[in-house]
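Down below is the structure, laid out as structure tokens.
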Amino acid sequence: MSVATDPEPRADPSNGAIAAALDELGDLYELDGAIVHRVVAYRSAARAVRDATVSVAALARAGRATELPGIGRTLEQKILDLITTGSIPAAAKLRARFPPGLIDLTRLPGLGPKRARRLFDELGIDSLDALREAAEHQRLRELRGFGARFEEGVLAALATGEGLRPAPRILLNRALAMAEAIVDRLRAHPAAERVEVAGSARRLTDSVKDLDLVAASPRPDELARALAHLDMIETSQATGPAGARARTHSGLTVELRVGAPEQFGNLLQHLTGSKAHNQALREAAVRRGLHVSEYGILEAATGVEHHHAREEDVYAQLGLPYIEPELRENRGELEAAALPQLVTVDDLRGDLHSHTVASDGRNTIEQMALAARDRGYEYLAVTDHSATHGFGNDVSPAELEVQIERVHEVNARLEGIEVLAGSEVNILPDGALDYEDELLARLDWVIASVHTAFSMSERAMTDRMLAAIEHPLVDAIGHPTGRLIDRRSPYALDIDRVIAAAARTGTMLEINGNPDRRDLNDVHARAAARAGVRILIDSDAHGTNTLGMVRWSVATARRAWLTADQVVNTLPWDRFAPLRKRVRAAG
DNA sequence: GCCGTTTTCGGCCCGACTGTTTTCAGTCG
């Protein structure tokens, strides 16, 4: 580090840091006894900041943070305070009054801000340790509204750690496999009329906390009891007269709700969520004199409750078109004049990211090409790892030359599929690629990815990525942010600069279909497509049996509001081929 | 604290469950 003569300008806080500060302030105001709507306003603002693809700090400095939904003049000023001084005065003041351990108390099941505050005010309890000690000495029951049962509950929760750590999440592919197996079994039950997956699994989120299933039956209690007898279920208990909560042997919680067939649409709509979508939907409905619940839609003027067997009719009565589950996140779907026709797996005509035995794949070029053709594809790019990949899976320049010949030979021999000689080239820390340009120029396709040196500064990593995007022989960027869902954060990256550069240069950005990656994510992919970036949907298959992982890539694309038009590999080969940068540069 | 086909104030989803309580506030999804 050089010795700075000028004072170092304060680095802008990331959107994540701003969102965390707003969430904390919401927690503090809640302890302070603020009305619930004010607290909700902070949480909703935090969500808007987290979802934003532009730098909210930069937006606030330009006086434009109020363009984000749920952020007004007051919150913009608080964000500005955070940027310029490093903290929000209101938060500092409240932190002095409420010890940090107090917020931990509200994480316990059954203990919210109101009751935590009373424990603090009346017994001086300011941490989980203090709570445990008070419970052990039976001092909690002295408080009006608290009793022996509560003390037992506290000690049990502290012993198991329940609620103290965030519940483990499970990736969508595993969750849906289990959900679909359970649904199949329940559908076979004689009391079942309809059984569907609901909740976040139906919305195809990155990962889920639990499974929500919805069923219609003329004998709801009978079907709810049937859940307990499936062989994947370890334990199950009734929740109300027409529901059950179960645990699979793999530890996944399953919630089943059964309703009357004529109300199935209402129940499915309610339990699909998201919470934010439903809340906004209901607020809009109230303005029309309608009250929406999982049981029906109550017409305030007449007192009549309307039941709907079909979800489409729920939306229709609210004056809305059917909204695909993937769009139900309150990200504009209720206000949109028209909703997009979302891309499907069947729209895909090719796959531009796959591996063979030349690097870490399990199948040969020919096997991969035949499997791609069997899927109905017109083209497949073979993109093994490059010279510096390591793990014994690197492809030296000399080996790549041989591989190009092999691909061309297979391509000449096979009818009905265009096989591209490609590479997944490493982007080195300085932004250079690990093959010479002369060799890259002999390929039909290059997708460039970062596989090393993840912990660079945002500026350095963004410059590194931009160098690759500017390279005339880089056709696309693979898994652009490097995240692994719930396991590894994306590397620091100014995604706006990446998107702008990709749009300007015609470099395609991938949504990688590996269920651990799904990278770009939904929010970034939507911003990229909106900026005119050509989006690729790839499997990153390492064998013939994983070409189908495009399912997860399509799931993310649909959550990103993408139409087939915005996904470049929905084009037939003769229209895709000329869009490659290398072709456009040559032409 | 935000927001507007109830526009600058007065609203801001809906229902179930829990524990402790004689009618409900708080919590949760």
Side-chain angles (χ1 to χ4, degrees), chain A residues 22-23 25-26 28-49 65-79 88 90 105-119 140-154 157 162-163 167 198-200 208-212 214 237-243 245 253 255-257 259 263 266-267 269-298 300 305 314 318-319 330 334-335:
Chain A
L22 295 178
D23 270 330
L25 199 43
L28 287 166
Y29 275 131
E30 193 170 40
L31 284 172
D32 196 34
I35 62 161
V36 63
H37 302 109
R38 193 165 165 220
V39 175
V40 167
Y42 276 91
R43 303 221 163 110
S44 118
R47 181 175 183 267
V49 169
T66 54
E67 291 172 15
L68 295 172
I71 295 193
R73 299 292 299 273
T74 306
L75 279 177
E76 178 167 87
Q77 186 54 50
K78 287 189 157 69
I79 293 170
I88 301 173
L105 296 189
T106 67
R107 309 283 182 245
L108 283 173
L111 190 52
K114 294 280 194 297
R115 283 153 59 87
R117 178 69 193 278
R118 286 193 54 215
L119 292 173
L140 299 179
R141 65 184 66 178
E142 297 163 11
L143 254 56
R144 203 180 150 73
F146 294 79
R149 293 281 289 277
F150 177 72
E151 284 172 349
E152 290 165 22
V154 163
E162 185 195 354
S200 53
V208 308
K209 181 168 60 65
D210 54 23
L211 286 179
D212 291 292
V214 176
Q237 63 188 49
T239 54
R245 176 179 301 123
T253 300
E255 302 262 3
L256 171 65
R257 280 284 296 272
Q263 290 167 293
N266 302 98
L267 191 59
Q269 194 285 322
H270 171 73
L271 284 167
T272 297
S274 66
K275 183 185 283 213
H277 171 86
N278 282 353
Q279 188 165 331
L281 182 83
R282 289 166 178 201
E283 282 169 13
V286 168
R287 292 195 284 272
R288 298 170 147 254
L290 300 170
H291 298 272
V292 180
S293 80
E294 64 256 59
Y295 302 106
I297 300 178
L298 180 69
E305 187 174 69
V314 174
L318 301 173
N330 195 26
L334 295 169
E335 298 82 8

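We name chains A, B, ... by the order of the sequence lines, and we start the count at 1 in each one.
Counting only heavy atoms from C-beta on, A:L75 has its side chain closest to B:dC2 among B:dC2, B:dT27, B:dG15. Closest contact between the side chain of A:Q279 and the listed nucleotides B:dT22, B:dC13, B:dC14 involves B:dC13. Set against B:dT22, B:dT6, B:dG1, the side chain of A:R287 has B:dT6 as its closest nucleotide. With B:dT27, B:dG29, B:dC12 as the choices, the nucleotide that has an atom nearest any side-chain atom of A:P113 turns out to be B:dT27. Distance from the side chain of A:K114 is smallest for B:dT27 among the nucleotides B:dG19, B:dC14, B:dT27.
For the P atom pair drawn from B:dT22 and B:dC28, the interatomic distance equals 22 Å after rounding to whole Å. The gap from the C1' atom of B:dC9 to that of B:dC14 amounts to 25 Å, rounded to the nearest Å. For the C1' atoms, the distance from B:dT23 to B:dG19 is 14 Å, rounded to whole Å. The same atom, C1', is picked in B:dG1 and in B:dT5; the two are 23 Å apart, to the nearest Å. When the C1' atom is used for both B:dG15 and B:dG10, the distance is 25 Å, rounded to whole Å. Rounded to the nearest Å, the gap between the C1' atom of B:dT27 and that of B:dC13 is 16 Å. With both ends at atom C1', the span from B:dT8 to B:dC3 equals 10 Å, rounded to whole Å. Distance noted for atom C1' between B:dT7 and B:dC2: 13 Å (whole Å).
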Test side-chain contact (heavy atoms from CB on, under 4.5 Å) on A:E305 and A:I297; report intermediate values, then the result. CA-CA 5 Å; A:E305 187 174 69; A:I297 300 178; over 6 Å; no

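When rounded to the nearest whole Å, the span between CG of A:L31 and C1' of B:dG26 equals 14 Å. Rounded to whole Å, the distance from CG on A:L271 to P on B:dG15 is 14 Å. Going from atom CG of A:L290 over to atom P of B:dT6 covers 13 Å, rounded to whole Å. Note: CZ (A:R144) to C1' (B:dG19) measures 13 Å, nearest angstrom. Whole-Å rounding puts the A:E30 CD to B:dG1 C1' distance at 14 Å. Per the geometry, CZ belonging to A:R117 stands 19 Å off P belonging to B:dA25, to the nearest Å. Atom-to-atom, CG of A:L334 to P of B:dG4 comes out at 14 Å; the value is rounded to the nearest Å. Between A:E305 atom CD and B:dC13 atom P the separation is 18 Å, expressed in whole Å.
Interatomic distance, A:R288 CZ to A:E283 CD, rounded to the nearest 0.5 Å: 15.0 Å. Here the CG atom belonging to A:L140 is positioned 11.5 Å from the CD atom belonging to A:E152, to the nearest 0.5 angstrom. Distance check, rounded to the nearest 0.5 Å: CD of A:E335 to CG of A:N330 gives 6.0 Å.
Looking at heavy-atom distances under 4.0 Å, A:H291 makes contact with sugar-phosphate atoms alone, never a base. Residue A:L108 is classed as a sugar-phosphate contact, given heavy-atom separations below 4.0 Å to backbone atoms only. Looking at heavy-atom distances under 4.0 Å, A:K78 makes contact with sugar-phosphate atoms alone, never a base. The residue A:E283 sits close only to the backbone: its heavy atoms come under 4.0 Å of sugar-phosphate atoms, none of a base. Across all strands shown, A:V292 has heavy atoms under 4.0 Å from sugar-phosphate atoms exclusively, and none from any base. At a threshold of 4.0 angstrom between heavy atoms, the contacts of A:R115 are confined to the sugar-phosphate backbone, with no base atom among them.
Other residues, nucleotides and ligands contribute only 12 or fewer heavy atoms inside 6.0 Å of the CZ atom of A:R73. More than 12 heavy atoms of other residues, nucleotides or ligands lie within 6.0 Å of CZ in A:R117, so this atom counts as buried by the packing criterion.
Here B:dT8 sits opposite no nucleotide as a Watson-Crick or G-U wobble pair (both hydrogen-bonding atom distances under 3.5 Å).
Phosphate proximity of B:dC13 to A:Y295: absent, as no side-chain N or O sits under 4.0 Å from OP1 or OP2. In this model, the phosphate group of B:dC2 is approached by a side-chain N or O of A:T74 to a distance below 4.0 Å at OP1 or OP2.
Along DNA chain B, the nucleotide nearest to A:G110 and the one nearest to A:G147 differ in position, and the one closer to the 5' end is contacted by A:G147.
Geometric assessment of A:R115 against the ring of A:F150 yields a positive cation-pi assignment under the 6.0 Å and 45° thresholds.
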